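All remarks here apply to the structure that follows.
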Amino acid sequence: MKLKDLRYFCYLCQVGSFTETAKHFNVKQPTVTLAIKRLESSLHIQLIYRDHSQNFLKVTSPGKILYEHATSILNEVQLAKIEINNFSQEKIRFGLPPIIGNLYLPLVVPELNEKNLLQNMIVDESGSEQLTKDLIDGKIDIGLLGSFAPINDPRLSATRITSRDFAIISSNKHWLNNYTEVSFSDLKGEQFISLDSKFIHRKVLQHYSSRAGFTPNIIFKTQSISILKRMVEQNSGIALLVGDAVALGDKLKSTPLTDEFDDKFNISIVTRKNYLLKNQEWELVTQLLKIKDKLQY
């Protein structure tokens, strides 16, 4: 099988049109037709059913099987090209969510600096949800990511460093200021400020609310931790964040939850499955593993 034939086939399955497929790859339509025939001939089975009288195209069941495998093959080929092209480079393509970057990475910055790693890091800063996608797509090679459950994606390899508790963040003017802990069900009538879908916090908020029997009243979503904290300081609403997010200079209260939720803020070193770490990336992993020992519980 030729990779180009598989590319034509997969795109044809997606758009359902020989004409659109030919236009997308800037080739003539017979080129696409011949590619499909070559695949069918090599597999000895019909992959595409085409009714010319009604201009109708259908992917057969064997064709659907090939599509699933061909998509994976083409993705792996693309990742292989990216990894090979980047292997000779000294740079470390590193994914770092803002909360982890602010709270946990500084614990090992002196070591990273001593090992001359900081100047060789190209850092992609976004939420863990987005960075996980970037990792799978080959846009980054290693990440220090957050998750609300242990990472169990067959495409990824993850080493969990530690787990931290989520808490409710509120203004010092909020009624929670008088409480040492709170049940999530007591927050039913509250307004929430939330991080957007690029962060795992949004899913955790939805999950906790569902367990407590209500839909959260999210009045504002943001990608900025600073904006979220400033709005909560103004008592515009409360937020669900990892409890460590409240610093000494913040005019905020961090209130632990009494609920026994299994979901924690898990911090893990994550790479693609079978990704071959370069020497500097191995050194980075070694230093990141020290975060657990440096955390104050």
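Model, not experiment: these values are computed from the prediction.
Taking 4.5 Å as the limit, some side-chain heavy atom of Phe184 sits within range of a side-chain heavy atom of Phe261. Counting heavy atoms from C-beta on, the side chains of Leu289 and Thr159 come closer than 4.5 Å. Put simply, the side chain of Trp175 reaches to within 4.5 Å of the side chain of Val182, judged on heavy atoms. At least one side-chain heavy atom of His69 sits under 4.5 Å from a side-chain heavy atom of Ile65. Phe199 is listed as a side-chain neighbour of Pro98, based on a closest heavy-atom distance under 4.5 Å. Within the 4.5 Å cutoff, the side chain of Tyr8 has no heavy atoms near those of the Leu39 side chain.
Other residues, nucleotides and ligands contribute more than 12 heavy atoms inside 6.0 Å of the CG atom of Asn178. Other residues, nucleotides and ligands contribute only 12 or fewer heavy atoms inside 6.0 Å of the NZ atom of Lys4. A 6.0 Å sphere centred on CD of Gln234 holds no more than 12 heavy atoms belonging to other residues, nucleotides or ligands.
The structure places CG of Asp134 at 11.0 Å from CG of Asp141, a figure rounded to the nearest 0.5 Å. Between Met1 atom CE and Arg38 atom CZ the span is 12.5 Å, to the nearest 0.5 Å. Rounded to the nearest 0.5 Å, atoms CZ (Arg202) and CD (Glu129) are 11.0 Å apart. Considering CG of Leu66 and OG1 of Thr60, their distance stands at 9.0 Å, rounded to 0.5 Å. Between the CD1 atom of Ile291 and the CD atom of Glu111 there is a distance of 9.5 Å, given to the nearest 0.5 Å. The distance from the OG1 atom of Thr71 to the CG atom of Leu6 is 9.0 Å, given to the nearest 0.5 Å.
Of the possible polar contacts, one joining the Thr286 side chain to the Trp282 backbone as a donor-acceptor pair under 3.5 Å is found. A side-chain donor-acceptor contact under 3.5 Å links Lys229 to the backbone of Ala245. In terms of modelled atom types and a separation under 3.5 Å, the side chain of Glu40 and the main chain of Leu47 share a donor-acceptor contact. A distance-only check finds no donor-acceptor pair linking the side chain of Lys294 to the backbone of Val108 [under 3.5 Å]. Arg93 places a side-chain N or O within 3.5 Å of a backbone atom of Gly138 that can act as its donor or acceptor partner. Checked by atom type and distance alone, the side chain of Lys253 never pairs as donor or acceptor with a backbone atom of Val246 at under 3.5 Å.
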Exercise. When you look at Asp196 and Lys198, which way does the salt bridge (charged side-chain N to carboxylate O under 4.0 Å, His left out) test go after all the steps?
Worked result: CA-CA 6 Å; Asp196 71 9; Lys198 292 183 178 180; 5.5 Å; no
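Partners of Asn217 by side-chain hydrogen bond (donor to acceptor under 3.5 Å, both in side chains), not counting sequence neighbours: none found. With sequence neighbours left out, the side-chain hydrogen bond (donor to acceptor under 3.5 Å, both in side chains) criterion links Asn113 to no other residue.
Side-chain contacts under 4.5 Å among hydrophobic residues (ILVMFWY), followed directly or transitively, place Ile136 together with Leu131, Leu135, Ile140, Leu145, Ile151, Leu156, Val270.
Taking every heavy atom of both residues into account, Val59 and Gly63 meet most closely at CG1-C, 3.6 Å.
Of the residues listed (Phe265, Phe148, Phe192), the one engaging His201 in a ring pair (Phe, Tyr, Trp, His ring centres under 6.0 Å) is Phe265, and it is the only one.
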